[in-house]
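The structure appears below as C-alpha cells.
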2 protein chains.
Amino acid sequence: MTDVDDTLTNVLRRRIIDGEFAPGTRLSEISLAEKLGVSRNTLREAFRVLSEQGLVEHVPNRGVSVASPTVADVVDIYRARRYVEPAALAAGSPLHPAVSAMRAAVEQGETSLEARDWRTLGTANMAFHDAIVALADSPRLERLFRDIAAELRLAFLEIDNPEALHAPFVTRNRALLETFLEQGGPAAATELQDYLVLSERTVLGAFTRLRH
Amino acid sequence: MTDVDDTLTNVLRRRIIDGEFAPGTRLSEISLAEKLGVSRNTLREAFRVLSEQGLVEHVPNRGVSVASPTVADVVDIYRARRYVEPAALAAGSPLHPAVSAMRAAVEQGETSLEARDWRTLGTANMAFHDAIVALADSPRLERLFRDIAAELRLAFLEIDNPEALHAPFVTRNRALLETFLEQGGPAAATELQDYLVLSERTVLGAFTRLRH
DNA sequence: TGGCACAAGTTGTTCAACAATAATAGCGGC
DNA sequence: GCCGCTATTATTGTTGAACAACTTGTGCCA
C-alpha cells in the first residue's frame, strides 16, 4: 500500500498528484533540477516516463508542463473505466485477495468521511476502484488504470469542491461491495455501470462549471 | 498509416518490432549509441519510454534488454484483448470511419496471404484489430492496444512458423467484418470472443512447444 | 573445489558546453 | 498609439567527458 519507491520518477509523480504543481504549470528543467538536487539529464529521463504515463505534457522545444485534463480527457477516462471496471467486477471472484483491499478501502473511506478529510477520502475511493481492477489479475489492465487514475486526480485538483466530488460515493462503495458479495459479480457490474455514469456526470458538471 | 515519426524512440521501436534485435538481447548503451550515432544520454531517454511501453525491460544497474514475453505475458495480453476488443466491436457503429480501415486490413491480409508474405500478413492482421479498437474512439484504449500489440509481435518473433500463426485468421477476419456489417456489433462481439480464444490457443501452443 | 579479492566492464549520474528553437524586448515606420 | 520586423534572451535538445556505484568474470589461495 505505502509506496516508498524513491526513484525520481515516483517522487515527481507523488508531488504532482498531491497538487504541489498545479495542472498546466510549466516545469522548467533548470530550476526544477536545481530544486530537486538532480541533474538536468536525470530529470529529463523522469519526464519521459511521466509523459508516457500522461501525467505531464511534453511539447518539443517548449518543455513539459503538468497535464491539465480537458473535458474530452475526462470523457475518455470514464469511457475506459466503463470498459474495464464492470467487466473485472463481473468476472471477479468473492474469494479473490483484492476483495479485502476493497473492504479496507470502503472502511477507510467511511473513516475519512467522518473526519471530513477529503484528500484521504479521494485516495480511499481511488483505492476501491483500483482493487476492483485488481480482481482481473491483469498487470496490463492495472497499469492502464493506474495511469488513468492519476490523470483523473489531476482533474480533481482543479475542482475546488472535493466534498461534493467524493463524499456521495462512500455509501455507494459500501453498497457495491455488498452487492458483489451477496448477489455476485454480474449484479454488481450493472450497479457499477450506473455508478460510473453518475460519477462522470458529477465530475463533468463541476468541471464545465469551472471552465464556465 | 505510414509512421514516419523519426524520433529516436520510434526508430528503435520499429527496429525492435521488425526483429532486428531478438527478444532478450541485451542493448548495450555504449555500442548501441555509437551504432545509432546518438549520445548515451539521448539513447537512455528513449529507453525510458520504450520501457514504459513494455517493449524493453530495464533492470537497475544491469541495463535494458529487448522484452521477451513469457507465457504469463501472452495470457495477460489476451486477457486484456478480450476485455477491450469485443466490447469495442459490440458498441461500434458500422458507419464509423475505422470500418474502412478494417476493410482495408482484411484486403491487405488476403493479398499478403496469396503472396505468402507472412510479415506483411502479420502487420495486416494487427491493423485489423487496431481498427476494431479504434471503433471505441478512445485514445487511452488505443494506446493500451498499441503497447499490447507491440509486445505480442515480440512473442510472434520467437515463433518461427509465421504461416500457422497468421494465415488461419485471414478468412476469419473477413467473416468477422461481414458479421459486423450484416448482423451488427453484438453478434460480431461474440464471434470475436471465440476468435480470440482460438488465437490465444494458437499462440500459446506454438509458444510452449518452443520453450519445450 | 570453494571462497575471496581483484580487475574489467557497464550503468547511473553529473557537469559543462553548444546548437536549435521559442519567447521577449526594443525599435523604426506608419 | 500601434503594427511589424529584428535583435536579444531564455529554454530546450544534444553531445562528450568524467567519475562513482554496481555486476560480472578471473585468477589466486587455501
Side-chain angles (χ1 to χ4, degrees), chain A residues 3-17 20-70 143 150-151 154, chain B residues 3-17 20-70 143 150-151 154:
Chain A
D3 199 346
V4 281
D5 190 346
D6 271 358
T7 57
L8 178 60
T9 305
N10 280 42
V11 170
L12 269 176
R13 195 187 163 66
R14 227 173 305 145
R15 289 180 140 194
I16 290 173
I17 291 176
E20 186 164 334
F21 311 98
T25 306
R26 267 279 268 295
L27 298 176
S28 155
E29 293 185 357
I30 304 175
S31 61
L32 190 56
E34 199 171 338
K35 187 153 39 174
L36 292 172
V38 298
S39 83
R40 263 182 75 208
N41 281 324
T42 60
L43 179 61
R44 283 170 60 90
E45 283 189 12
F47 276 169
R48 289 305 174 280
V49 351
L50 293 176
S51 165
E52 195 62 25
Q53 293 177 356
L55 261 181
V56 127
E57 199 179 356
H58 175 96
V59 183
N61 288 310
R62 279 206 256 167
V64 310
S65 11
V66 178
S68 176
T70 65
R143 195 172 67 92
E151 277 190 274
L154 284 186
Chain B
D3 199 346
V4 281
D5 188 349
D6 272 0
T7 57
L8 180 60
T9 305
N10 280 41
V11 170
L12 268 176
R13 195 187 163 68
R14 228 173 304 145
R15 288 180 140 194
I16 290 173
I17 291 177
E20 186 166 331
F21 312 98
T25 306
R26 188 102 161 264
L27 298 176
S28 158
E29 293 184 358
I30 304 175
S31 61
L32 190 56
E34 198 170 339
K35 188 155 34 175
L36 293 172
V38 298
S39 85
R40 263 182 75 211
N41 282 323
T42 61
L43 179 61
R44 282 171 61 90
E45 283 189 13
F47 276 169
R48 289 304 173 280
V49 352
L50 292 176
S51 166
E52 195 62 24
Q53 293 177 357
L55 259 181
V56 127
E57 199 180 356
H58 175 95
V59 182
N61 287 311
R62 278 206 255 170
V64 310
S65 6
V66 178
S68 177
T70 66
R143 196 172 66 93
E151 276 190 274
L154 284 185

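Values below: all heavy atoms of this structure, side chains included; hydrogens, waters and symmetry mates excluded. Just so you know, these numbers come straight off a predicted model, no measurement behind them. In the text below, chain A, chain B and the rest are named by the order of the sequence lines, each starting its count at 1.
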- Task: Kindly indicate whether the side chain of B/Val49, heavy atoms from C-beta on, has any atom under 4.5 Å from the side chain of B/Glu45.
- Result: no
- Message: In the structure I gave you, are the side-chain heavy atoms of B/Leu12 and B/Leu27 within less than 4.5 Å of one another anywhere?
- Response: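 With C-beta onward as the side chain, the pair stays apart.
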- Query: With a cut-off of 6.0 Å (strictly less than), are more than 12 heavy atoms of other residues, nucleotides or ligands near CD of B/Glu34?
  - Reply: no
- Query: Does CD belonging to B/Glu57 count more than 12 external heavy atoms closer than 6.0 Å?
  - Reply: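 At most 12 heavy atoms, drawn from other residues, nucleotides or ligands, come within 6.0 Å of this atom.
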Distance, rounded to the nearest Å, where [X] contributes [atom1] and [N] contributes [atom2]:
X       : N      : atom1 : atom2 : value
B/Arg62 : C/dT11 : CZ    : P     : 12 Å
A/Arg48 : D/dT12 : CZ    : P     : 11 Å
B/Leu8  : D/dT15 : CG    : P     : 9 Å
B/Phe47 : C/dT10 : CZ    : C1'   : 12 Å

- Contact summary for A/Leu43 and A/Val38, nearest pair of heavy atoms: CB-CG2, 4.3 Å
- Query: Minimum heavy-atom separation for A/His58 to A/Ser51, with atom names?
  - Reply: CB-OG, 3.9 Å
- Item | A/Arg48 side chain vs B/Phe47 backbone, donor-acceptor pair below 3.5 Å |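 A pair under 3.5 Å: no.
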- What parts of residues 30-45 of chain A reach DNA chain C, counting only heavy atoms under 4.0 Å away?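 Those residues whose heavy atoms fall under 4.0 Å from DNA chain C, taken from residues 30-45 of chain A in numerical order, are A/Gly37, A/Val38, A/Ser39, A/Arg40, A/Asn41, A/Thr42.
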- Specify the residues of residues 50-57 of chain B, ordered by number, for which at least one heavy atom lies under 4.0 angstrom from an atom of DNA chain C.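 Of all residues in residues 50-57 of chain B, none places a heavy atom under 4.0 Å from DNA chain C.
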- Is there a side-chain polar atom (N or O) of A/His58 under 4.0 Å from OP1 or OP2 of D/dG13?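 Affirmative; the distance criterion is met.
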- Derivation and outcome, side chain to side chain contact (heavy atoms under 4.5 Å, CB included), residues A/Thr9 and B/Glu52: CA-CA 12 Å; A/Thr9 305; B/Glu52 195 62 24; over 6 Å; no
- Judged by nearest nucleotide, the residue sitting upstream toward the 5' end of DNA chain D, B/Asn61 or A/Arg26, is A/Arg26
